[in-house]
Amino acid sequence: MTRFTEELRIAADPIFNAIFDHPFVRGIADGTLRKEQLIHYVKQDFEYLNAYIRIYGMAISKCDDRDTMALFNEQISFILHSETHPHQNFCEVAGVTYEEMQSFPLAPSAHHYIRHMLNAAHEGNMEDIIAALLPCPWTYAEIGKRLLEEVKPSRTHKFYDWMHFYGDREFGITEQMRLLLDKWAEPLSPERKRRLKEHYLTSCQLEYMFWDMAYSLEEWPVNAMKAEGVGR
Ligand SMILES: Cc1ncc(CN)c(N)n1
């Protein structure tokens with residue numbers, strides 16, 4: 001029998017392919033990203049990962065077993081203490097400090113993505129939360145692995161650390177989340193499974209939009225938020 005999460009991955013294949021071909025991901029491969037694009041990405045991703053941590057916290061509040069609590073707790077720690085490294089890589093290439101990149105208002109696509117995950121967490125159960133969170137590690141694990149295979153970066157490649165960080169690691173958490181989602185989805189009705197697929201595919205689309213936001217330096221249409229420091 002096909003795993004539920006395998007069905008999700010198959011349905012998302014065109015989105016994964018569009019992400020691999022996106023100019024930001026191509027720019028990591030050939031080292032051609034501009035300073036402003038790296039800066040926009042880090043500012044937005046810092047806020048995105050803060051939200052992701054909070055959503056793990058919401059998931060813990062709905063948990064009734066210690067193993068799952070421990071998994072989410074480890075992941076929070078991983079984001080806080082390790083996922084700073086790929087950000088540092090982008091900051092070094094852009095010639096800025098990480099501290100300067102923190103606490104900026106959200107751009108529209110980052111805002112949309114965070115609100116989508118928060119909605120799933122507020123309105124749904126554990127399986128809704130995992131379905132919305134899963135594309136985050138899964139897409140990056142595949143991007144990292146593909147880039148390592150394609151580029152075979154030498155130590156002097158600008159984004160050597162970024163590629164190794166994601167290419168070497170993220171399949172572990174992806175597989176652990178997949179096992180949970182497969183288990184929780186198994187007894188559910190076709191209607192509920194459709195809803196989970198919708199959460200997952202929407203997050204995949206928003207992963208694409210996040211890359212696009214960073215590449216195009218996306219901002220709100222009227223510049224009235226930045227000056228006020230609002231928009232999170
Ligand atoms: C938007 C986004 N998606 C995924 C990842 C990888 N954890 C990330 N850092 N940022």
Side-chain angles (χ1 to χ4, degrees), residues 8-9 12 15-16 18-20 22-25 27-28 33 37-57 59 71-91 93-94 98 101-102 104-118 120-121 129-148 159 161-178 199-218 232:
L8 299 184
R9 176 63 185 84
I15 313 173
F16 271 68
I19 291 173
F20 301 139
H22 190 278
F24 198 105
V25 176
I28 296 174
L33 289 166
Q37 293 169 320
L38 295 168
I39 289 175
H40 200 48
Y41 174 92
V42 176
K43 284 179 178 173
Q44 295 301 316
D45 207 47
F46 182 78
E47 295 304 325
Y48 169 86
L49 291 178
N50 283 345
Y52 204 86
I53 289 169
R54 292 188 190 106
I55 296 163
Y56 268 137
L71 174 67
F72 294 163
N73 185 44
E74 278 161 26
Q75 286 313 304
I76 290 173
S77 189
F78 176 79
I79 295 171
L80 286 172
H81 304 297
S82 298
E83 209 168 352
T84 48
H85 295 127
H87 285 175
Q88 299 274 13
N89 183 185
F90 280 4
C91 286
V93 174
Y98 194 21
M101 300 293 102
Q102 300 174 9
F104 282 85
L106 292 171
S109 294
H111 183 272
H112 188 163
Y113 195 176
I114 288 170
R115 288 309 181 274
H116 163 63
M117 294 188 296
L118 280 171
I129 302 179
I130 296 291
L133 293 184
L134 183 53
C136 166
W138 200 340
T139 56
Y140 274 53
E142 291 204 22
I143 293 167
K145 184 166 171 277
R146 277 213 186 185
L147 289 180
L148 288 180
F159 301 121
D161 287 343
W162 195 98
M163 288 187 235
H164 274 284
F165 184 88
Y166 289 114
D168 295 341
R169 274 186 197 80
E170 294 257 292
F171 277 114
I173 179 59
T174 301
E175 182 56 22
Q176 282 170 303
M177 285 167 109
R178 286 185 62 182
H199 290 322
Y200 176 85
L201 290 176
T202 302
S203 288
C204 289
Q205 298 276 20
L206 288 161
E207 280 291 337
Y208 179 94
M209 288 172 69
F210 199 95
W211 291 116
D212 213 47
M213 168 204 70
Y215 191 79
S216 64
L217 310 180
E218 179 196 75
R232 237 165 295 139

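What's counted below: heavy atoms across the whole structure, side chains too, no hydrogens, waters or symmetry copies. Every number for a ligand or one of its atoms is a count from 1 in the order of the listing.
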Residue Cys136 vicinity, atoms of ligand 1 by number, heavy atom under 4.0 Å: 3 (N), 4 (C), 5 (C), 6 (C), 7 (N)
Proximity flag Glu83 to ligand 1, non-hydrogen atoms under 4.0 Å: yes
Non-hydrogen side-chain atoms of Tyr41 and Gln37 separated by less than 4.5 Å: no
Please output the side-chain donor-acceptor pairs of residues 208-217 that fall under 3.5 Å, not counting sequence neighbours, one pair per line with the distance.
| from | atom 1 | to | atom 2 | distance (Å) |
| --- | --- | --- | --- | --- |
| Asp212 | OD1 | His22 | NE2 | 2.5 |
| Ser216 | OG | Asp212 | O | 2.8 |

Asp45, any N or O under 3.5 Å of ligand 1 N or O: yes
Those residues that, when tested against Gln205, pass side-chain contact (heavy atoms from CB on, under 4.5 Å) (two or more places apart): Ile15
NE2 (His116) with more than 12 external heavy atoms under 6.0 Å: yes
Where ligand 1 meets Tyr166 - atom numbers and elements under 4.0 angstrom, heavy-atom basis: 6 (C), 9 (N)
